[in-house]
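What follows is a short report on a single structure.
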There are 2 protein chains.
Amino acid sequence: MAQSKKNEFTQEDIWLADVAKALSHPARVRILKILNDMSTCMVGNLVNKLPLAQATVSQHLKELKRVGLIHGEIEGPKICYCVNSKALSKAKNALDNLFSKMGCC
Amino acid sequence: MAQSKKNEFTQEDIWLADVAKALSHPARVRILKILNDMSTCMVGNLVNKLPLAQATVSQHLKELKRVGLIHGEIEGPKICYCVNSKALSKAKNALDNLFSKMGCC
DNA sequence: ATCGTTCATCGTAAATATACGATAAAGGAG
DNA sequence: CTCCTTTATCGTATATTTACGATGAACGAT
């Protein structure tokens, strides 16, 4: 709880900012929504639903993977992406906590 | 609910990504936490608590203002920043919705 | 072994973000 | 008015992000 004065940021704040960064592009928001809605989740499917080239979609998937919000499983030549519900709920809790209070001057 | 196929992103997704972008830096996470915890919220106070120059803090405040998460009120020569609880709860709801389901393959 | 499919990675160009010192603007104090 | 304080903005350097085509790697099918 105790925040440092003028020092570096806490790991918690850095992590939360990192998760937010992963959500900070419409394509990645959309990808998460699609993965929430579908059980089939090949990359090709996502590319068809996004106004972006395949390489770019792959790059966005990498960013979501980086923070652990999704992961992919190899199925033959295809890769099935799905959300990591554990990471999602951890992020949800942290964000809820950030948004909980409302002290205003 | 119905998502377009290959078209541009929805305004909802763009907005949500924009809010996430505002949270995507440790300094801005910290600023929100400080504003949640304190009632006194001058910029000088924030500068003292962050490992950043005044100009940089001002820039981060501008970004939080841009998406409406905070706003400032002029009090003489000082400016009192506070969180916009309405915007915070709207963002919280949208993020909760994004994180709610957990279909996995 | 040679395709065709699927996806990641490389290379790269353009745009955006981050940081800081310097400066401007606005208001209170003397 | 002239200072001093407080905060925003400007100018700028550096780093990161975003996007795409091209290429590479992995696999199933023929």
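What you see is a predicted model; the values in this text were computed from it and never measured. Convention: sequence-line order gives letters A, B, ...; per-chain numbering from 1. Atoms considered below: every heavy atom in the structure, side chains included; atoms not considered: hydrogens, waters and symmetry mates.
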Interatomic distance, B:Leu52 CG vs C:dA19 P [rounded to whole Å]: 5 Å
Start and end of chain B contact along DNA chain D [non-hydrogen atoms, under 4.0 Å]: D:dT6 to D:dT9
For atom CD of A:Glu75 and atom C1' of C:dC7, their distance in whole Å: 14 Å
Rounded to the nearest 0.5 Å, what separates atom CG in A:Leu69 from atom OG in A:Ser85? 11.0 Å
Atom CG in B:Leu88, atom CG in B:Leu32: separation rounded to 0.5 Å? 6.5 Å
A:Lys78: partners by salt bridge (charged side-chain N to carboxylate O under 4.0 Å, His left out), with sequence neighbours left out: none
Answer yes when A:Lys33 and B:Glu12 have at least one side-chain N-carboxylate O distance shorter than 4.0 Å, and no when they do not. yes
Distance in Å, A:Leu16 CG paired with A:Lys90 NZ, rounded so as to fall on 0.5 Å steps: 10.0 Å
Run the salt-bridge test on A:Asp96 and A:Lys92 with the 4.0 Å N-O cut-off and return the result as yes or no. yes
So, does A:Asn84 use its side chain to make a donor-acceptor pair with the main chain of A:Gly68 at under 3.5 Å? yes
Show the nearest heavy-atom pair for residues B:Ala91 and B:Trp15, with the distance to one decimal. CA-CH2, 3.9 Å
For B:Glu63, what residues pass the side-chain contact (heavy atoms from CB on, under 4.5 Å) criterion, not counting sequence neighbours? B:Lys21, B:Ala22, B:Arg28, B:Arg66
Rounded distance in Å - CD (A:Glu73) to C1' (C:dC7): 16 Å
In terms of ring plane angle, is the pair B:His25 and A:Phe9 parallel, tilted or perpendicular, where the classes change at 30° and 60°? perpendicular
Looking at A:Lys49, is its backbone amide N or carbonyl O close enough to the side chain of A:Arg30 to form a donor-acceptor pair, meaning the two atoms are under 3.5 Å apart? yes
Which of these, A:Asn45, A:Leu64, A:Val83, sits in a side chain to side chain contact (heavy atoms under 4.5 Å, CB included) with A:Leu35? A:Val83
Interface polar pairs with nucleotides 8-10 of chain C, N/O, under 3.5 angstrom:
| residue | atom | partner | partner atom | Å |
| --- | --- | --- | --- | --- |
| C:dA8 | OP1 | A:Tyr81 | OH | 2.4 |
| C:dA8 | OP2 | A:Ser58 | OG | 2.6 |
| C:dA8 | O5' | A:Ser58 | OG | 3.3 |
| C:dA8 | N7 | A:Gln54 | NE2 | 2.8 |
| C:dA8 | N6 | A:Gln54 | OE1 | 3.1 |

Supply the atom-to-atom distance B:Asn97 CG to A:Asn36 CG, rounded to the nearest 0.5 angstrom. 8.5 Å
Quick test: give all pairs of protein nitrogen or oxygen and nucleotides 14-17 of chain C nitrogen or oxygen below 3.5 Å, distance rounded to 0.1 Å.
| residue | atom | partner | partner atom | Å |
| --- | --- | --- | --- | --- |
| C:dA17 | OP1 | B:Lys21 | NZ | 2.7 |

For nucleotides 25-30 of chain C, list the nitrogen or oxygen atoms of the protein found under 3.5 Å from its nitrogen or oxygen atoms, one pair per line.
none

